[in-house]
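What follows is a set of notes on a single structure, which appears directly below.
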Number of protein chains: 2
Amino acid sequence: MHENFLRAVVEILFENVVFASNQTKVVLWQPPQKLEQCFDFSLGQNGVTQEKLLVFLKNTIKFSVKTGHRYFINQLFSGLDPYGLAGQWLTDALNASVYTYEVAPVFTLMETHIIGEVCRMVGPQWGDGMFCPGGSTANGTAINLARFRYCPDIKKSGSCGLSRFVLFTSEECHYSIHKFASFIGIGEDNVILISTDSIGQIVPEDLDEKIKKELAEGAIPLAVIATLGTTVRGAFDPICEIAEICKKYNIWLHIDAAWGGGLIFSQKHRAKLNGIERADSIVINPHKLLAVPQQCSILLVKNRDILYECHSKHAEYLFQKDKYYDKSYDLGDKYLQCGRKCDVFKFWFMWKAKGSSGFANHIDTLMDLAEYFEGQIRERPEFMLVSPRQYMNVCFWYLPRYLQGKQNILDYSAQLHKVAPQIKAMMIKHGSVMMGYQPLKKLPNFFRFVSQNSSVTKKDVTYILDLISEIGTAIYKVGHVRGCKVKVWKV
Amino acid sequence: MHENFLRAVVEILFENVVFASNQTKVVLWQPPQKLEQCFDFSLGQNGVTQEKLLVFLKNTIKFSVKTGHRYFINQLFSGLDPYGLAGQWLTDALNASVYTYEVAPVFTLMETHIIGEVCRMVGPQWGDGMFCPGGSTANGTAINLARFRYCPDIKKSGSCGLSRFVLFTSEECHYSIHKFASFIGIGEDNVILISTDSIGQIVPEDLDEKIKKELAEGAIPLAVIATLGTTVRGAFDPICEIAEICKKYNIWLHIDAAWGGGLIFSQKHRAKLNGIERADSIVINPHKLLAVPQQCSILLVKNRDILYECHSKHAEYLFQKDKYYDKSYDLGDKYLQCGRKCDVFKFWFMWKAKGSSGFANHIDTLMDLAEYFEGQIRERPEFMLVSPRQYMNVCFWYLPRYLQGKQNILDYSAQLHKVAPQIKAMMIKHGSVMMGYQPLKKLPNFFRFVSQNSSVTKKDVTYILDLISEIGTAIYKVGHVRGCKVKVWKV
């Protein structure tokens, strides 16, 4: 009975998701209140039939976003790799939790191998690493390691009575730095933001000045967090100069390369990571650039003992002292998590399937596409670049005709700010393309094109830009909105 | 090409894992050095053929632990639910990340529904909740909420300059309390351990005294962490008395019900959770008792605003202010994680399939089995209970004949301490049964029987106990070890 059911499930998944994602809309949009009505979320005392379950499955797919669709360019992940999916499905079937060698022998050794391999790709001195449930947690873990390095007693005694700790990072950093600064007791106000230049890179002189200022005020600088591939603009901070500053003041250098770190596989583009080996810790998320399925995030550390020293607790019900094998193979005690989903197999399986060269080709294809996209933005009069592209991210405005060349009018920014949300809403309602937008510093809302799906083509780029133009032309007529005037302008 | 490959993968999974787990050994044991030799973990420049990939898949299965096997009774999870597996496979195919309604509409509403439902089952005042990557993180998040409640400024300013914070918990608590006390800056020495009685429950008088003592020393008591279902003995702390003490001193009460909380579904056994509604926060791991696949962990909070107040950061690239829908539906900002794997669907799908009554039957069956297991331990002379069973956990010693009735001999404890590891090693090498053992306080190593797989029968219990007896009889002959004397006694 269960076998037939599971076979039916697999057929539905093949037909409606895995091999269908480019034949359907990227999303069949329903506002929340409407979706509440057309989907039965209720949970009751009694179960339902398998037939009904299959209908629920189909409806879940129907109303979910097709993140494998090539027009899903909304986040820093997309695409659905068949080897990655196969890896996930095996992981789920084995339903392992990775803390001891005993309970997860293959996955344990696989983690050690893959972390060793990535360490070698970073540099000869790199010592250890761990899988994290996402880049935010990985960043937070790194900050705590920096604090531990400064003051190992904090593990036992806490931070009570110690001086004020401060962190330094880009004003375009990922918000997890603030979230985890709060969480681990440093406080978000003690995250000192360093100015960025016109393309989004940290200004090293500003970093140096702000460190001096904090030192003068009696604060303890714990870590500098540099970013290789910022979330919005894809900026790469000048690592070598930052590393010099960290050396000068003896500060831990953490690199958030969650988005950019995958470049380590590309000979053509690896240079963007130059200096990365000078860090003390690095986050790389294979689930971003490398299109490994959600989630796969790795924190690497140079010091090979610090994960155990900082995190271990020696729980005797898991890490017994009298094991029948060498317990140094148990990885669990270097983690903060106890039960932990296996995130390594899908990555290992993809790597085995494609080889390093396969990841390199994937990256190079995506970079070429981003370059083409940027070129198109430069060529078309109705689009404008926010700043020159450094990576996959192409940030741009669509300019309605009445705003083209009108940068000097009083409310230009305020007007432009309204455009992206309006076009996005239309695209979502069509279900044609999902593309993210956001403001940044003083810049009004702009679109961010970014794809991790190497099946996206130049033709797709044309389609996407034509679509935005068409929608824009339809919405904006010499300063007012055609049709749904009130609705569209209500921001 | 990918379709044929994925179909072949599914067939291998069906044949070798999903529908095979009781026909094979629970593990085909290889020590680490040996497994390194017989499994090709290497990663190279070039990919391998699909045929080879399928062989790797089979080998991964071959050398992995079959956690769905009914003789996998090693951890607080086991079994493989077909609806849970179907839910995981769908989740993977859709490859969602749950932060905004826009990008995960169905899963977002599903989370809200399921958390609302579980809140209602706890009590009328319960307000909100979140999914966490495991119970450890959930416990850590709760401790930080308690600190935030005491001092909301800490989010911005950090804990520098504040008094010493202390936590109170059972000496039989889960080790995540210490790990996260260190991580968030409280320090593991500031986790004050409360004595437990002969069956593993917190002694309320000791709690009261230790709070008084810490207050007298100028510390700030942040939280009491009570456990419903301790990891080793399955003890249930006396919540009502603890809640009174928390009320008296105005201390946050967190309940780690990761293991015991699933009882909320059973009318027959729900009473073990009496008083749970008096807590401020609760952790329940559906991936434990309810056999939801790894991982599914829920943190519930009474105060409906505190998750947003404590965690929010308002990142504008995700939580834009000018959305085309009511952005209160976006859940991401109440989380610490940014990208987050969808853990709700498998749970929702199982619940829909079985109904609440299905979970109740599952629990009641398991409780009956544990009762039967305990009875068998009491009846057989070669076994001895560690303490009376309160829950699923049956903790027991196997007594070699030369130790039976010899509690008074000088090195009784030391001798007994060696028994469980030796028998376990033999069982693992046979691949017949995986069962955990550990010491606790001053008690020498003992076995812990615990199953979350409701297909385990009384016949299985007999098999397991007979096996332990047989191995024990073979190993121990009037005070010495037959055959591998040196090896077995080397502890």
Side-chain angles (χ1 to χ4, degrees), chain A residues 2 9-10 13 17 31-32 41 43 45-47 60 63-64 67 82 86 88 92-95 106 113 117 133-134 136 155-160 164 175 178 182 184-187 189 293-295 313 315-317 322 324-325 329 337-339 341 351 353-358 421 425 438 491, chain B residues 2 9-10 13 17 31-32 41 43 45-47 60 63-64 67 82 86 88 92-95 106 113 117 133-134 136 155-160 164 175 178 182 184-187 189 293-295 313 315-317 322 324-325 329 337-339 341 351 353-358 421 425 438 491:
Chain A
H2 287 149
V9 167
V10 169
L13 297 182
V17 192
F41 291 99
L43 296 160
Q45 193 57 24
N46 299 313
T60 300
F63 294 115
S64 286
T67 66
Q88 280 276 33
D92 295 337
L94 286 171
N95 196 33
V106 181
H113 273 267
E117 196 64 34
S136 293
K155 181 181 180 183
K156 287 190 176 301
S157 314
S159 56
C160 154
R164 184 170 62 90
Y175 70 105
H178 292 85
S182 289
I184 75 170
I186 290 175
D189 285 354
Q294 296 286 331
Q295 280 188 309
K313 176 64 189 140
E316 287 199 318
Y317 80 97
D322 40 22
Y324 49 95
Y325 60 91
Y329 282 89
Q337 291 175 275
C338 174
K341 179 136 177 115
W351 198 337
K354 298 160 182 276
S356 307
S357 64
Q438 62 285 304
V491 177
Chain B
H2 288 149
V9 167
V10 168
L13 296 182
V17 193
F41 290 100
L43 296 160
Q45 192 60 23
N46 300 311
T60 301
F63 294 115
S64 286
T67 66
Q88 281 276 35
D92 296 337
L94 286 171
N95 196 32
V106 180
H113 273 267
E117 196 64 33
S136 293
K155 181 181 181 184
K156 286 190 176 301
S157 313
S159 56
C160 155
R164 184 170 62 91
Y175 71 106
H178 292 84
S182 289
I184 75 170
I186 289 175
D189 284 354
Q294 296 286 332
Q295 283 187 304
K313 175 65 189 139
E316 285 198 320
Y317 80 97
D322 40 23
Y324 49 93
Y325 60 90
Y329 281 90
Q337 291 174 274
C338 174
K341 178 136 178 114
W351 199 335
K354 298 159 181 281
S356 307
S357 63
Q438 61 286 303
V491 177

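A note on names: the letters A, B, ... follow the listed sequences, proteins ahead of strands, and every chain is numbered from 1.
When heavy atoms are compared at a cutoff of 4.5 Å, A/Pro293 approaches chain B by way of both its backbone and its side chain. Using a 4.5 Å cut-off between heavy atoms, A/His113 contacts chain B through its side chain alone, with no backbone atom that close. Heavy atoms closer than 4.5 Å to chain B are found in both the backbone and the side chain of A/Lys155. Within the 4.5 angstrom heavy-atom criterion, only side-chain atoms of B/Ser136, from C-beta onward, approach chain A. Contact of B/Tyr329 with chain A is made through the side chain alone, with heavy-atom distances under 4.5 Å.
The most heavy-atom pairs under 4.5 Å with chain B, out of A/Thr67, A/Leu43, A/Leu13, come from A/Leu43. Contact count against chain A (heavy-atom pairs under 4.5 Å) is highest for B/Ala353 among B/Ala353, B/Pro31, B/Ala315. Of the listed residues A/Ala86, A/Gly185, A/Ser157, the one with more heavy-atom pairs under 4.5 angstrom with chain B than any other is A/Gly185. The most heavy-atom pairs under 4.5 Å with chain A, out of B/Gln88, B/Lys156, B/His2, B/Arg164, come from B/Lys156. In terms of heavy-atom pairs under 4.5 angstrom with chain B, the leader among A/Ser64, A/Ala425, A/Cys338 is A/Cys338. By number of non-hydrogen pairs under 4.5 angstrom with chain A, the leading residue of B/Gln337, B/Glu117, B/Gln45 is B/Gln45. Ranking A/Gly339, A/Ser357, A/Pro133 against chain B, the residue ahead of the rest is A/Ser357, based on heavy-atom pairs under 4.5 Å.
Heavy-atom minimum distance, B/Gln438 versus A/Tyr317: CB-CA, 3.5 Å. The minimum heavy-atom distance between A/Val106 and B/Phe41, with the atom names listed, is O-CE2, 3.6 Å. Across every non-hydrogen atom of A/Ala93 and B/Val17, the tightest pair is O-CG1, 3.4 Å. A/Gln295 approaches A/Gly134 most closely through the heavy-atom pair NE2-CA, 3.8 Å.
A/Lys341 has its side chain within reach of A/Asp92: a pair of non-hydrogen atoms, C-beta onward, lies under 4.5 Å apart.
Atoms CG and CD, from B/Leu94 and A/Gln294 in turn, are 12.0 Å apart once rounded to the nearest 0.5 Å. With rounding to the nearest 0.5 angstrom, the CD1 atom of B/Ile184 is 11.5 Å from the OG atom of A/Ser182.
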